[in-house]
Amino acid sequence: MSQLGRFIWVLIILFILAGCWNRVELNELWVTAATGVDMMDDGQWMVSYQIIVPSALASGTGGGSGATSQPASHVFSVKSKTYNQALSYSNLETSRRIYVAHNRVVYIGKRAAEKGMDRLIDFYLRNTEAREMVSMIVTDGLASDLLKKLSPPEKLQGAAMADLVDKESDILSLFPKVRVYDFVLSMNSDSKSIGVPVAELTGERDYQDEKEAESLDVFKKTSVPLKLALTKLAIFQKGKLKGFLNKEESLGVSYLSQKVNNTEISFPCNEQPGRDIYSSLLVNSANVKLTPRKTSSHYTMQVRVKINGTLNETTCTKDISKTKTIHDLEEEIAKEVTKTINEGWTKLQEFGADATGFADRIHRRFPREWETVKKDWEQEFKRIELDIRVDARIQRPGLLQKHIGSQT
């Protein structure tokens, strides 16, 4: 090939490779911070989008005062037969295309959760922009109502909720973080169950306060009557909502699911009958070992818990510089953890929902027996017994060895 021919080919290749033929400018998109999914009375889905208003964030007016102030986010809803149709129909109501790749949280209304999550999962796995690392949050009412509420002092409520779930999962471990990816794994596991955090508006619930929570007036107060908080755990079985667990029961399930990172344990001193005197242990590490055992008629799960922590608060009048006092406190901690685990376990057995993933452990330990057990696993799960032993250790009782007024 001649030099002229090579030059022509180079030019052709450069023209083909140069430029971004499918580029999309940022000012042509509505970036989504959170989405909500609801099932309506007419059987249609209502998908809500909390979109970011860049001008409000850039100017710092999202939550300020003045005539030009505007919220940092805007919420609108679209009704349709499918999620993808809702995404397409959104182009009839907004001048920009909805961009869901940066979505942080997906809120699921109670009726939608009872209907089932299979359609939501299908959307996140098929759509090329949607990311399955989005955190899932269940609401006791409509997800669209929760999206409209502002969360001072944060400007973007969706991003604030995602950060709240991350922080809570690391510090308290009451409600473990659940992503769409985790939900998919649970639906394809032997247990087919999982727990998802529930967010609610807490405080004084009246019409005026709820409307105020949707306006910038809420940023002008030092204390708001309504706050968005994590309150309980929603248990799903086979992709559908089964029931709810309170904080104590949810923590028990976290122990059995080996998802406790750090947490706080309040336990009684039991030194003066009829008087509630509590101390507090900051758990630095919680190691849970689960071993399934099989008897003649049913299964038993051995639960061995090792807890190490710091005594960060106590009003016990006994002298904690003494070894016996420390041992007594450790025994009370062990009793409290055992009680918490049993409360969560009892509730799960009522539902017949294996949110602890015991089915997967029994399958791996007894593969031959599992082929028979899996046909009626819900009933077999209700017959499982726990053998709980807790070893609690107070590593640091603190520099103050004697409480004021302690016994000598």
Measure from the side-chain N and O atoms of [X] to the backbone N and O of [Y], and report whether any donor-acceptor pair falls under 3.5 Å.
X	Y	result
Thr340	Glu248	no
Lys148	Ser144	no
Lys240	Gln237	no
Ser90	Leu87	yes

Report task. For the pair Lys324 and Asp328, evaluate salt bridge (Lys or Arg N to Asp or Glu O under 4.0 Å) and give the outcome as yes or no after the intermediate values. Result -> CA-CA 6 Å; Lys324 184 181 183 306; Asp328 291 341; 3.1 Å; yes
Query raised in the report: Is any NZ, NE, NH1 or NH2 atom of the basic residue among Lys220 and Asp217 found under 4.0 Å from an Asp or Glu carboxylate oxygen of the other?
Result: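 Asp217 and Lys220: salt-bridged.
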Query raised in the report: So, Asp387 and Arg293, do they make that salt bridge, N to O below 4.0 Å?
Result: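 Here Asp387 does not pair with Arg293 in a salt bridge, since their nearest N and O are not under 4.0 Å apart.
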Report task. For a side-chain contact (heavy atoms from CB on, under 4.5 Å) with Phe267, tell me which candidate from Val337, Thr314, Leu281 qualifies. Result ->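 Passing option: Leu281.
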Query raised in the report: Checking side-chain contact (heavy atoms from CB on, under 4.5 Å) against Pro197, which of Val138, Leu164, Val178 comes through?
Result: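 Between Pro197 and the candidates, side-chain contact (heavy atoms from CB on, under 4.5 Å) is satisfied uniquely by Val178.
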Query - Between OG on residue Ser151 and CG on residue Leu146, distance to nearest 0.5 Å - result: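 Here the rounded value is 9.5 Å.
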Query raised in the report: Roughly how far, to the nearest 0.5 Å, is the CG atom of Leu29 from the CD1 atom of Ile51?
Result: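 Interatomic distance, Ile51 CD1 to Leu29 CG, rounded to 0.5 Å: 11.0 Å.
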Requested in this report: Indicate yes or no: at least one non-hydrogen side-chain atom of Glu154 is less than 4.5 angstrom from one of Met161.
Outcome: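 No. Closest side-chain heavy atoms not under 4.5 Å.
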Report task. Apply the test side chain to side chain contact (heavy atoms under 4.5 Å, CB included) to residues Tyr255 and Thr263: give CA-CA distance (whole Å), side-chain angles for both, the deciding distance (0.1 Å), then the verdict. Result -> CA-CA 11 Å; Tyr255 278 114; Thr263 190; 3.9 Å; yes
Requested in this report: For the residue pair Trp370 and His363, categorise the inter-ring angle as parallel (less than 30°), tilted (30 to 60°) or perpendicular (more than 60°).
Outcome: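 It falls in the parallel class, under 30°.
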Requested in this report: Start with the C-alpha gap between Met117 and Ile108, add the side-chain angles, then the distance that decides, and say whether side chain to side chain contact (heavy atoms under 4.5 Å, CB included) holds.
Outcome: CA-CA 9 Å; Met117 292 292 94; Ile108 304 158; 3.4 Å; yes
Report task. Using the side chain to side chain donor-acceptor pair (under 3.5 Å) rule, take Asp354 and Thr356 through it: C-alpha gap first, then chi angles, then the decisive distance, then the call. Result -> CA-CA 5 Å; Asp354 181 16; Thr356 56; 2.8 Å; yes
Report task. Please determine if Lys232 forms a cation-pi arrangement with Phe244, meaning its NZ or CZ atom is less than 6.0 Å from the six-membered ring centre and no more than 45° off the ring axis. Result ->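 Yes, cation above the ring, under 6.0 Å and within 45°.
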Query - salt bridge (Lys or Arg N to Asp or Glu O under 4.0 Å) between Arg179 and Glu132, worked out - result: CA-CA 7 Å; Arg179 304 161 298 180; Glu132 61 273 12; over 6 Å; no
Report task. Kindly give the heavy-atom pair with the smallest separation between Leu150 and Ser215, and that separation in Å. Result ->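 In terms of heavy atoms, the two residues are closest at CD1-O, 3.4 Å.
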Query raised in the report: Of the options Trp345, Tyr299, Phe351, which is the one that meets Phe381 in a ring pair (Phe, Tyr, Trp, His ring centres under 6.0 Å)?
Result: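 Single pass found, and it is Trp345.
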Query - Worked check of side chain to side chain contact (heavy atoms under 4.5 Å, CB included) between Thr94 and Tyr49 - result: CA-CA 11 Å; Thr94 177; Tyr49 303 94; over 6 Å; no
